[in-house]
Amino acid sequence: MSNHFEEEFEEEFEVVSMEDEQGNETEFVIIDHIASGGNRYLLVMESNLIEQEEADAIILKEVAINADDVTYEWVEEEKEFERISALFATHEGEYDIRLD
């Protein structure tokens with residue numbers, strides 16, 4: 001039996017898996033993406049949180065592309081994070097940006 005929600009979920013969002021330094025894999029959905037200052041940024045959320053109305057999202061910065069592998073890192077520098085968050089806020093569609 002097919003799960004209708006899972007089918008819609010797969011069609012609506014691109015799903016990517018990321019592995020941390022310990023080898024733990026986490027699946028994320030890409031909610032939005034932007035380019036700024038020659039860099040590409042992704043607004044992502046853990047796929048198991050997508051149904052929550054007020055789930056936290058993460059901003060990732062593309063840092064390397066090698067063949068079939070793309071490397072991202074969390075945006076940790078405060079000024080860059082604020083600048084990119086503001087850009088995502090202007091892209092709002094089905095989501096709202098709120099900084100805590």
Side-chain angles (χ1 to χ4, degrees):
M1 184 172 171
S2 173
N3 183 326
H4 183 67
F5 176 76
E6 285 180 13
E7 290 174 8
E8 286 182 17
F9 175 75
E10 290 174 4
E11 291 176 15
E12 188 174 342
F13 295 105
E14 182 178 353
V15 178
V16 295
S17 294
M18 295 182 63
E19 188 174 300
D20 64 17
E21 292 91 20
Q22 291 80 32
N24 300 317
E25 195 168 295
T26 305
E27 190 174 83
F28 292 91
V29 293
I30 299 174
I31 298 169
D32 202 353
H33 63 91
I34 59 170
S36 176
N39 295 304
R40 182 171 182 235
Y41 296 89
L42 302 179
L43 182 64
V44 300
M45 174 184 301
E46 287 187 42
S47 61
N48 61 339
L49 302 176
I50 195 70
E51 291 183 44
Q52 295 182 10
E53 193 168 312
E54 293 192 22
D56 292 333
I58 301 166
I59 297 175
L60 300 174
K61 179 180 181 179
E62 188 176 274
V63 294
I65 301 174
N66 299 314
D68 294 330
D69 197 31
V70 180
T71 304
Y72 294 94
E73 64 183 29
W74 274 254
V75 176
E76 295 181 17
E77 200 281 314
E78 188 174 339
K79 287 184 180 181
E80 180 181 23
F81 181 83
E82 289 174 1
R83 180 176 59 84
I84 299 305
S85 295
L87 289 174
F88 276 119
T90 64
H91 268 215
E92 290 184 48
E94 295 292 319
Y95 61 89
D96 295 318
I97 299 288
R98 185 181 76 232
L99 301 176
D100 293 329

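What you see is a predicted model; the values in this text were computed from it and never measured.
Applying the side-chain contact (heavy atoms from CB on, under 4.5 Å) test to E25 and every residue at least two apart in sequence or in another chain returns S17, E19. Looking at residues two or more places apart in sequence or on another chain, you find a side-chain contact (heavy atoms from CB on, under 4.5 Å) between D20 and Q22, N24. The side-chain hydrogen bond (donor to acceptor under 3.5 Å, both in side chains) test applied to S36 returns R83, not counting sequence neighbours. Under the rule for a side-chain contact (heavy atoms from CB on, under 4.5 Å), A35 has no partner lying at least two apart in sequence or in another chain.
Shown here for F88 and Y41, the closest heavy-atom pair between the two residues is CZ-O, 3.9 Å.
A salt bridge (Lys or Arg N to Asp or Glu O under 4.0 Å) check over residues 57-75, counting only residues at least two apart or in different chains, returns the pairs R40-E62, K61-E80.
Rounding to the nearest 0.5 Å gives a distance of 7.0 Å between CD1 of I59 and CD1 of I84.
The hydrophobic cluster containing L42 also includes V16, M18, F28, I30, V44, I58, L60, I65, V70, Y72, W74, under a criterion of side-chain heavy atoms closer than 4.5 Å among ILVMFWY residues, counted directly or through chains of members.
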